[in-house]
Amino acid sequence: MKLKPVKIEDCPQFYTASILNGKHLLKPEKNKQVLIESLQYLVRQKRVVVFGYVIMDNHIHIIWKPTLLYSLKHTQLSFMKFTAQRIKRDLEENHTNVLSLFLVEAKDRNYQFWKRNPLCVDLYNNQIIEQKLNYIHQNPVKAGMCETPEDYKYSSAKFYKELGDEFDFLTDYR
């Protein structure tokens, strides 16, 4: 099978963002929901097309691509900033002891939740996309959070098993 080359600007991207020091900040469902709502917003605003994702307790994997309206870099920064601000606000109001775990001595901020320099990998063909989707869908299984990928709520695995899209923001990469 011959693989069709793709222009870099048209490539979906495998994106991984991790919580600073591997802390399990995303374990509470309300924090996972902040990420879901942000992804929904970005899709509704036609900033990105999301093909797959999984939200783990200390990181997120997303397969997405920018639309013509925004650069992926700008969208990534918006996503990281918005989710950090929403989680910070909740911690300030309800969990100041947890907030203190993210205190940093940086010139531009007092708190930091996301590790700097997230992983970004261009996906040049459907075979690579499928490999990454399989990898991200297996994350919760390997972590002992579920028995099968489609059992995990915060993942696109159900969507690709044709069991629905509970959060209504996914597009099939095929």
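No experiment lies behind these values; they were computed from the predicted model shown.
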**Asked** How far apart are the C-alpha atoms of L91 and F113, what are their side-chain angles, what is the distance that settles it, and do they pass the side-chain contact (heavy atoms from CB on, under 4.5 Å) test?
**Response** CA-CA 11 Å; L91 294 176; F113 302 101; 3.7 Å; yes
**Message:** With side-chain contact (heavy atoms from CB on, under 4.5 Å) as the criterion, how do V48 and F79 come out once you've worked through the C-alpha distance, each side chain's angles and the decisive distance to 0.1 Å?
**Reply:** CA-CA 11 Å; V48 293; F79 175 76; over 6 Å; no
**Message:** Test side-chain contact (heavy atoms from CB on, under 4.5 Å) on D172 and F159; report intermediate values, then the result.
**Reply:** CA-CA 8 Å; D172 193 315; F159 176 75; 4.0 Å; yes
**Message:** Go through it in stages, so that I can follow the logic: the residues are N110 and F102, the test is side-chain contact (heavy atoms from CB on, under 4.5 Å), and I'd like the CA-CA distance, side-chain angles, deciding distance and then a yes or no.
**Reply:** CA-CA 8 Å; N110 294 326; F102 296 93; over 6 Å; no
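For residues 40-57, the pairs satisfying salt bridge (Lys or Arg N to Asp or Glu O under 4.0 Å) are K32-D57, with sequence neighbours left out.
Ring centers of F167 and Y154: under 6.0 Å apart, within the cut-off.
Cluster annotation: L25 and L20 are assigned to distinct hydrophobic clusters (Ile/Leu/Val/Met/Phe/Trp/Tyr, side-chain heavy-atom contacts under 4.5 Å, transitive). Cluster membership check: L42 shares its hydrophobic cluster with I36, using side-chain heavy-atom separations under 4.5 Å among Ile, Leu, Val, Met, Phe, Trp and Tyr. Under a hydrophobic-cluster definition in which Ile, Leu, Val, Met, Phe, Trp and Tyr are linked whenever side-chain heavy atoms come within less than 4.5 Å, directly or via other members, Y135 and V121 are assigned to the same cluster. Hydrophobic clustering, with ILVMFWY side chains joined whenever heavy atoms are under 4.5 angstrom apart, groups L119 together with L72. L69 and Y41 fall into different hydrophobic clusters, where Ile, Leu, Val, Met, Phe, Trp and Tyr residues are linked whenever their side-chain heavy atoms come under 4.5 Å apart, directly or through other members.
Across every non-hydrogen atom of C11 and D122, the tightest pair is CB-CB, 4.3 Å. I63 and I129 make their closest contact through CD1-O, 4.1 Å (heavy atoms, listed as atom of the first residue, atom of the second, distance). When all heavy atoms are compared, the tightest approach of G52 to L133 is CA-CD2, 3.8 Å. Closest of all the heavy-atom pairs between F51 and W64 is CD1-CA, 4.3 Å. Here the closest non-hydrogen pair linking A17 and P118 is CA-CB, 4.2 Å. Nearest approach of M56 to L26, heavy atoms of both residues: O-CB, 3.3 Å.
A donor-acceptor contact shorter than 3.5 Å links the side chain of D165 to the backbone of L170. In this structure, N125 contributes its side chain and Q127 its backbone to a donor-acceptor pair below 3.5 Å. D90 places no side-chain N or O within 3.5 Å of a backbone atom of R86 that could act as its donor or acceptor partner. Using a distance-only test at 3.5 Å, with no hydrogens or angles considered, a donor-acceptor pair links the side chain of S156 to the main chain of Y53.
Going from atom CE of M80 over to atom CD1 of I60 covers 9.0 Å, rounded to the nearest 0.5 Å. To the nearest 0.5 angstrom, I19 atom CD1 is 11.0 Å from K115 atom NZ. In this structure, the separation between NE2 on H24 and CG on N31 is 13.0 Å, given to the nearest 0.5 Å. One distance of note links CD1 of I55 with CG of L39; it measures 6.5 Å at 0.5 Å rounding. The distance from the OG atom of S18 to the NE2 atom of H61 is 7.5 Å, given to the nearest 0.5 Å.
Counting only heavy atoms from C-beta outward, the side chains of Y152 and N139 never approach each other to under 4.5 Å.
Ring pair H137/Y160 is tilted by interplanar angle, where 30° to 60° counts as tilted.
Only one option out of E92, E93, R89 pairs with L99 in a side-chain contact (heavy atoms from CB on, under 4.5 Å); it is E92.
Residue-environment remark: NE2 (H74) stays at or below the threshold of 12 foreign heavy atoms within 6.0 Å. Taking a 6.0 Å sphere around NZ of K30, one finds it holds more than 12 heavy atoms contributed by other residues, nucleotides or ligands.
The side chain to side chain donor-acceptor pair (under 3.5 Å) search around T83 returns W114, not counting sequence neighbours.
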Result block: side-chain N/O donor-acceptor pairs under 3.5 angstrom for residues 142-151, not counting sequence neighbours:
{"from": "T148", "atom 1": "OG1", "to": "D151", "atom 2": "OD1", "distance (Å)": "3.2"}
{"from": "T148", "atom 1": "OG1", "to": "D151", "atom 2": "OD2", "distance (Å)": "2.9"}
{"from": "D151", "atom 1": "OD2", "to": "T148", "atom 2": "N", "distance (Å)": "3.2"}

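Under the 6.0 Å distance and 45° angle rule, K88 does not count as a cation-pi partner of Y111.
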